[in-house]
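Data first, discussion second: the structure below is written as structure tokens.
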There are 2 protein chains.
Amino acid sequence: MVMSKACVNAVRAMVYLAAAPDNERRGHVSIRAVAEELGLSFHFLTKTLQRLTADGLLKSERGPRGGVALARPAGEISLLEIVGSIDGNDLQDQCILGLRGCGQEAPCPMHDEWVRERKRIQEIFKRSTLQRLARAVREGSVRLKDS
Amino acid sequence: MVMSKACVNAVRAMVYLAAAPDNERRGHVSIRAVAEELGLSFHFLTKTLQRLTADGLLKSERGPRGGVALARPAGEISLLEIVGSIDGNDLQDQCILGLRGCGQEAPCPMHDEWVRERKRIQEIFKRSTLQRLARAVREGSVRLKDS
DNA sequence: CACATTTCAGATGTTAATATCCGAATTTGA
DNA sequence: TCAAATTCGGATATTAACATCTGAAATGTG
């Protein structure tokens with residue numbers, strides 16, 4: 001897996017929020033609703049989204065009509081940031097063979113090629129903003145659910 | 001992590017074997033020696049290499065002067081095959097968001113871009129033969145150990 | 001104010017990956 | 001033939017990821 005399950009859930013939830021029409025609730029959607037809509041475990045998703053809230057990607061409100069909402073415009077939140085918040089930056093800066101201190105001076109056999117690849121992945125994640133992903137969802141050309 | 005720890009161990013061991021000079025032992029090296037040389041757990045490495053043996057990437061001999069050796073020429077064994085043997089082909093054919101049946105007809109928001117990326121990774125792994133990797137090791141331009 | 005709804009925080013349970021251990025089977029060499 | 005070295009196969013222990021549960025804190029509504 002390139003992302004942990006928690007991270008995948010986070011991404012799906014964030015795209016869902018970005019694609020959700022601004023309804024009542026001042027833009028907030030309850031985590032329970034998100035979980036049901038995407039077929040995810042409410043409790044597990046809650047834990048994950050709490051981290052996103054702590055990291056400033058989501059804002060939250062308690063109480064009735066509360067819920068979570070994007071803390072910033074969808075165009076300014078990228079997949080890279082979500083992955084970083086949940087899984088950390090290992091994918092971006094760790095040696096594929098797990099060698100500590102793998103770098104230009106003391107590289108592993110895959111170093112050069114993997115550094116290039118990592119950069120590509122980082123670029124992809126960076127330009128994958130919630131705005132871009134959510135647009136496809138709203139257009140119906142793409143799905144977020146399993147079935 | 002893009003590869004499991006077991007898989008990383010397998011790759012490092014295989015490259016080490018490919019780079020090892022043909023000494024006595026008819027080309028076989030004991031797993032204990034490999035583990036010590038690379039700083040890996042002997043028992044854990046044994047389990048992993050058994051899988052490679054079962055899948056025909058390694059051949060093994062028991063008894064004194066026994067050990068493991070590449071089952072085929074180093075130029076004909078690629079990283080792709082090793083990863084496939086230990087971790088399976090999930091990296092190559094699974095949706096990055098874990099959606100079942102993600103494909104052209106019912107794609108996830110990352111589908112197109114990720115398919116392209118997966119293909120690139122597969123190409124890199126395929127052209128990374130043990131011969132190529134081991135040459136760099138023998139030339140000393142590259143390392144397999146942590147320290 | 002009382003109540004229902006929701007996120008928050010921490011505890012607990014479950015499963016899969018990682019790591020170790022042990023005895024059996026095989027082979028070599030003295 | 002016997003002892004040592006080695007892989008093999010299965011069992012067990014440890015750790016981290018995944019998942020669930022419970023009660024507290026906050027907040028809107030009647």
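All values derive from a computational prediction rather than experimental measurement. Below, chains carry the letters A, B, ... as their sequence lines are ordered, and counting in each starts from 1.
- Taking A:Val2 as the reference, A:Leu91, B:Ile96, B:Trp114 meet the side chain to side chain contact (heavy atoms under 4.5 Å, CB included) condition, with sequence neighbours excluded.
- Per the geometry, NE2 belonging to B:His28 stands 12 Å off C1' belonging to C:dT27, to the nearest Å.
- For A:Thr46, the side chain to side chain contact (heavy atoms under 4.5 Å, CB included) partners at least two apart in sequence or on another chain are A:Ile31, A:Phe42, A:Gln50.
- Contacts of A:Ala18 classified as side chain to side chain contact (heavy atoms under 4.5 Å, CB included), with partners at least two apart in sequence or in another chain: A:Leu70, A:Ala74, A:Leu130, A:Ala134.
- Counting only residues at least two apart or on different chains, the salt bridge (charged side-chain N to carboxylate O under 4.0 Å, His left out) pairs with a member in residues 35-46 of chain A are A:Glu37-A:Lys145.
- Computed from coordinates, the B:Leu52 CG to D:dC8 P distance equals 11 Å when rounded to whole Å.
- The interatomic distance linking A:Ile31 (CD1) with C:dT7 (P) rounds to 4 Å, in whole Å.
- Among residues two or more places apart in sequence or in another chain, the side chain to side chain contact (heavy atoms under 4.5 Å, CB included) test is passed with A:Ile86 by A:Ser4, A:Ala6, A:Cys7, A:Ala10, A:Thr48, A:Arg51, A:Leu52.
- As a whole-Å value, the separation of A:Leu58 CG from C:dT6 C1' is 15 Å.
- Sorted by first then second residue, the side-chain hydrogen bond (donor to acceptor under 3.5 Å, both in side chains) pairs that include residues 96-109 of chain A, not counting sequence neighbours, are A:Arg100-B:Asp146.
- Qualifying salt bridge (charged side-chain N to carboxylate O under 4.0 Å, His left out) partners for A:Arg135, counting only residues two or more places apart in sequence or in other chains: none.
- In this structure, B:Ser60 reaches the D:dC8 phosphate: one of its side-chain N or O atoms is under 4.0 Å from OP1 or OP2.
- As a whole-Å value, the separation of B:Gln50 CD from C:dT18 P is 17 Å.
- Remark: A:Arg132 engages B:Glu113 in a salt bridge (charged side-chain N to carboxylate O under 4.0 Å, His left out) (not counting sequence neighbours).
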Self-check item: Protein proximity profile, nucleotides 13-24 of chain D - base contact B, sugar-phosphate-only contact S, no contact -, cut-off 4.0 Å on heavy atoms
Solution: -----SBBBB--
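- At whole-Å resolution of the value, CZ in B:Arg51 and C1' in D:dC8 are 14 Å apart.
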Exercise. Check the pair A:Ser85 / A:Leu57 against side-chain contact (heavy atoms from CB on, under 4.5 Å), numbers first and verdict last.
Key: CA-CA 9 Å; A:Ser85 171; A:Leu57 303 197; 4.3 Å; yes
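- When the C1' atom of C:dA16 is taken as reference, atom CE of B:Met1 falls 16 Å away, rounded to whole Å.
- Direction of the helix axis in the helix from C:dC1-D:dG30 to C:dA30-D:dT1 shifts by 0° between the two five-pair termini, rounded to 10°.
- Residue pairs meeting the salt bridge (charged side-chain N to carboxylate O under 4.0 Å, His left out) criterion with at least one partner in residues 79-99 of chain B, sequence neighbours excluded, are B:Arg72-B:Glu81.
- For residues 83-93 of chain B, proximity to DNA chain C is found at no residue, defined as any non-hydrogen atom under 4.0 angstrom from a strand atom.
- The hydrophobic clustering, which links ILVMFWY residues whose side-chain heavy atoms are closer than 4.5 Å, places A:Val8 and A:Ile124 together.
- Residue-level contact check: B:Leu49 touches neither bases nor backbone, having no heavy atom under 4.0 Å from any strand.
- Closest to the A:Thr53 side chain, of the nucleotides D:dT7, C:dC8, D:dT29, is C:dC8.
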